[in-house]
Amino acid sequence: MLKLSRRAGSLEESVTLAISAKAKAIAATTETERAEERVIKFGAGEPDFDTPEHIKEAARRALDGRVGSYTPVAGTPAIRKAAAAAYRDSGIDTEHGRVLVSCGAKHSLFNALAVLLDDGDEAILPAPYWVSYPSMIHAAGARAVMIDTRPDGCVLTPERLEAAITDKTRVLVSVSPGNPTGVTHTRKQLAALGEVLERHKNITVVSDEIYQHLVYAGTEFTPFAVACPNLADRVITVRGMSKSWAMTGWRIGFSTGPAEVIGAMIRFQSHTTSNPTAIAQAATVAALNGPLDAVREMHAAFDRRRQLMTRLLEEIDGFLLYPPTGAFYCFPDITARLRGRTAIEFADELLEKERVATVPGEAFGAPANLRLSYACADEDIEEGCQRLKRFVDNL
Ligand code: PLP
C-alpha cells in the first residue's frame, strides 16, 4: 500500500485556504446582483490592488528581450543589488553577494528553516503565528515550541522567551508587523529579546519583515538586525514584494544574513527550485529602483481602512482588539461572543448566514480570535462590519 512520509503527515491542512475556497464557492453559486447577497471578503491575505503600471511595463519590456534562460540561482546581479540597497536603506549592513532572491517570502522562509533546523531541534514560534510556520518547521524535522503572547498584547517578552529556551532551541521566529495580529514590536521590545539571545549563542533569528512598509499611526518599523546589532551575524532577514507592492502572484521574496547561512540557502534552492522567474525578477528591479508613489497611495488606503474597521469593530460589544499598527489585519478576541461555539464554527456560521468571510483563530494558534483583513474596499468594510454586528447581536 502507498505510504506517505512522516513529514507529509505532519503538514496541517490550511484552514485559511479551506475557508476562502468555501467563500469562493458560495460567491460562484450566487447568481445574483443583489448587493446584500454578495460575499464580503475579509479573509484575504493580499492587497486588493493590482500591481502598479510601471512594474507591469518593466515585465512587458523584459519579455521583448531574452528571458527564456535560467538566471543565476540567487537572482540576477541587478535584483540582488536592488534588494541589498533596500536592506541598507533600512539600516541593515549587507551587500548583494549576501542576498538570495526566492519565489516569495514563503520560499525564503522555508529555505532558511530547512538549512537551520535538524531532526529533533526546536524552533520557538510566538503565537498567534502565521499559518504556514508550524508546517514549515515540521517539514524541516523540528518541533515548534509555541509561546502564547496574547496575555502581553501579542508582544513577545524577554521573560517568556527565556523560559521557552532549551538546549535544543536553534531558531526564534520573529514576525513584526505581525500576521494575524497586526501588532508591531518596538525597537526596545526587540532589543530586550536580543539581550536574552546574546546568552544563547546557538539560536539564529529568522525575522519575517514582509510587512515592513505597512506600519501606521506614527509606528516606527525597526528591523530585528538593527534593534539588536550584537546579533547581526545571527539574524536572517526575510522580505518580499507581495504585500507593499501588490505583487503576490509574481512570487518574489528575499533574504539576507550571514554569508554562511545565505550560502547554504542558495545551495538548497539550487537543488530544489533554482532561480525565481526571470520576468518577475525584471519587474522587481523596476519596483525597487522606481518611484514609490503607488506604494504610498496603497499605504494611505490601508491606513484609512484600518481606522474604519477598528472603529466599527470596537462598536461590537465583547470584541477585544489589539490596536493594529501594521500589516492589514484586525484580530479581535471574541471569547465573550462565541457562546459555546469554536471560532471555526463562528466563522462558518457567519459565512453561511451573513456571507462574510473571515479566518478563524484556530488557523493561527489562537482559538478565541477572528482575523479580518481590511485589504478590501471601504464600502465592503462598512457593509461587512454591519452584517457582523447583526450576526453577533442575533446569536
Ligand atoms: N510571512 C507572512 C507573515 C505572511 O503573512 C506572508 C503571506 O501571507 C508571507 C510571509 C509570504 O509572503 P509571500 O507572498 O512573499 O510568499
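Atoms within each ligand, like the ligands themselves, are counted from 1 in listed order. Basis for what follows: all heavy atoms, side chains included, without hydrogens, waters or symmetry-related copies. Please read all numbers here as calculations on a predicted model, not as lab measurements.
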- Message: Any heavy-atom pair between the side chains of M241 and T51 that's under 4.5 Å?
- Response: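 No, too far: nothing below the 4.5 Å cut-off.
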- Message: Please report whether the ring centroid of F221 lies less than 6.0 Å from that of H213.
- Response: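 H213 vs F221: aromatic centres not under 6.0 Å.
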Donor-acceptor list for residues 309-320 side chains, cut-off 3.5 Å, not counting sequence neighbours:
residue, atom, partner, partner atom, Å
T310, OG1, R306, O, 2.5

- Any residue meeting ring pair (Phe, Tyr, Trp, His ring centres under 6.0 Å) with F328, in chain and number order, not counting sequence neighbours: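 For F328 the ring pair (Phe, Tyr, Trp, His ring centres under 6.0 Å) partners, ignoring immediate neighbours, are Y211, F302.
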- Item | Atom-level proximity to ligand 1, residues with heavy atom under 4.0 Å | G104, A105, K106, L109, W130, V175, N179, D208, I210, Y211, S242, K243, R251
- Message: Whether the T184 and T219 side chains hold a donor-acceptor pair (N or O, under 3.5 Å, no angle test) is what I'd like checked.
- Response: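 Absent: no donor and acceptor within the cut-off.
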- For R6, check salt bridge (Lys or Arg N to Asp or Glu O under 4.0 Å) against everything at least two apart and list the hits. none
